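As structure tokens, the structure follows; a few thoughts come after it.
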Amino acid sequence: MTKLRSVVVGCGSHLPARCVTNATLAETVDTSDDWIVQRTGIRQRYLAAADETTSTLGTRAAQAALDDAGLTADDIDLVICATSTPDHTFPSTATQIQAALGIHQGAAFDLQAVCAGFVYGVSTADKFLSTGSAKRALVVGAETFSRILDWEDRTTCVLFGDGAGAIVLEAREGEGTSADRGVLTSSLRSDGRHREKLYVDGGPGSTGTTGHLRMAGKEVFRFAVGSVTDVIVDAFEATGTTADDLNWFVPHQANRRIIEASADKLGIARDKVVLTVDRHGNTSAASIPLALDAACKDGRIRKGDLVMIEAIGGGFTWGAALIRW
Ligand code: UT7
């Protein structure tokens, strides 16, 4: 039976101009290149300048994705921006990206699921496209986490970076089998009981300030490796596929040790794992589309490849989506 599929027709990304190495960070923070590399795999990150905001980074990434797809503003009728660091409390960053790109039709909204935001965004866009509610969607992950970091807290500030990535999804008819191109399935979860393990200690409705990121790193680590694989198993089961069928595993880029432990647990070969955490640090909702774009541009991900994306973020929120590219 034919089925509308959300097919990836373009991707793009954009990073701030300023690259900061671990050695440079160690000049102002009590840390070392050795510690950061050993515990996380991070070697450098990009940090936004004052005139680089979540919407400007997101706009550049979205424009690159449109160019890659050979499409223009007139072709897009849905913009979803996954972010936890919007330029303003409102209007949404998505509407600012929409305006900057000259898109005047359809709907645009932000989606807040922290580091899982891009997976949530892909899953949400897929619901619009596969039901015929929209024809082409831009799904953007854009963040300036440097603005919510406590630069006195070495346990968090060395981990994150800024950036943006985007994909264009287009509704196309498929056969309804796992051989179709497009988003084949997605699985989302959340459990708000874990709030205290990863949160920002401010907000418009509480302190009236932006606040700073707080994290119980070890507990997040344990949950990420121990529990998050459920959504990946769901995706395999829903599509009758296995780890052996995957061409690429593109997880949220928080920590090399988490990524490799998860891949090992799932039986996903290490050479199928796309790693960019060394170059980008943890860019929250931007990390997966940044990694997807890197692997597309260097020729690893090709049309027809089976790609699993997966992430966990504050809340906790977590999810996975299986995409035939
Ligand atoms: O994207 C959202 C999801 N977030 C994550 O997935 C992050 C998950 N957590 C992690 O990636 C890891 O837990 C961290 C990288 C945050 C920490 O690694 P760890 O192996 O769990 O280290 P730890 O927290 O147990 O700290 C070990 C030591 C401590 O010193 P003592 O108490 O053993 O003397 C820390 O004070 O390392 C110390 N330390 C540092 N040393 C140098 C903590 N941060 C630093 C630092 N530089 N930046």
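Note that ligands are numbered from 1 as they come in the structure, with each ligand's atoms numbered from 1 the same way. What's counted below: heavy atoms across the whole structure, side chains too, no hydrogens, waters or symmetry copies. All values reported here derive from a predicted model rather than from experimental measurement.
There is a protein heavy atom less than 4.0 angstrom from atom 8 (C) of ligand 1. Of the protein's heavy atoms, none falls inside 4.0 Å of atom 30 (O) of ligand 1. Counting protein heavy atoms under 4.0 angstrom from atom 34 (O) of ligand 1 gives zero. Of the protein's heavy atoms, at least one falls inside 4.0 Å of atom 13 (O) of ligand 1.
A salt bridge does not link Asp77 with Lys135: none of the charged nitrogens is closer than 4.0 Å to a carboxylate oxygen. The pair Asp33-Arg43 fails the salt-bridge criterion, with no side-chain N (NZ, NE, NH1 or NH2) lying under 4.0 Å from an Asp/Glu carboxylate O. One finds a salt bridge joining Asp264 and Arg270 here, because a Lys/Arg side-chain nitrogen approaches an Asp/Glu carboxylate oxygen to under 4.0 Å. Residues Arg172 and Asp180 are not paired through a salt bridge, judged by the lack of any N-O separation under 4.0 Å between the basic side chain and the carboxylate.
Of the protein's non-hydrogen atoms, the one nearest atom 20 (O) of ligand 1 is Arg39 NH1, 2.9 Å. If you check which protein heavy atom lies closest to atom 36 (O) of ligand 1, you get Arg154 NH2, 3.3 Å. Of all protein heavy atoms, the one closest to atom 40 (C) of ligand 1 is Trp35 CE2, 3.3 Å. The protein heavy atom nearest to atom 6 (O) of ligand 1 is Ile258 CD1, 3.2 Å. Taking atom 23 (P) of ligand 1 as the reference point, the nearest protein heavy-atom neighbour is Lys218 NZ, 4.0 Å. Nearest protein heavy-atom neighbour of atom 18 (O) of ligand 1: Arg257 NH1, 4.0 Å. For atom 15 (C) of ligand 1, the nearest protein heavy atom (residue, atom name, distance) is Thr40 CG2, 3.5 Å.
Summarising the local packing, CZ of Arg214 is surrounded by more than 12 heavy atoms from other residues, nucleotides or ligands at distances under 6.0 Å. More than 12 heavy atoms of other shown residues, nucleotides or ligands fall within 6.0 angstrom of atom CD in Gln105.
Taking the six-membered ring for Trp and thresholds of 30 and 60 degrees, Phe316 and Phe223 have ring planes inclined between 30 and 60 degrees apart.
Ligand 1 has an N or O atom lying under 3.5 Å from an N or O atom of Gly217, backbone or side chain.
The closest approach between any non-hydrogen atom of Leu159 and ligand 1 is below 4.0 Å. Note on ligand 1: Thr156 sits outside its first shell, no heavy atom being nearer than 4.0 Å.
Residue contacts with ligand 1, taken as heavy atom pairs separated by less than 4.0 Å, involve Phe221 via backbone and side-chain atoms alike. Of the heavy atoms in Ala224, none comes closer than 4.0 Å to ligand 1. Within the 4.0 Å heavy-atom criterion, neither part of Val114 lies near ligand 1.
Considering Thr31, Thr283, Val220, Val225 only, the shortest heavy-atom separation from atom 5 (C) of ligand 1 involves Val220.
In this structure, the separation between CG on Leu306 and CZ on Arg181 is 12.5 Å, given to the nearest 0.5 Å.
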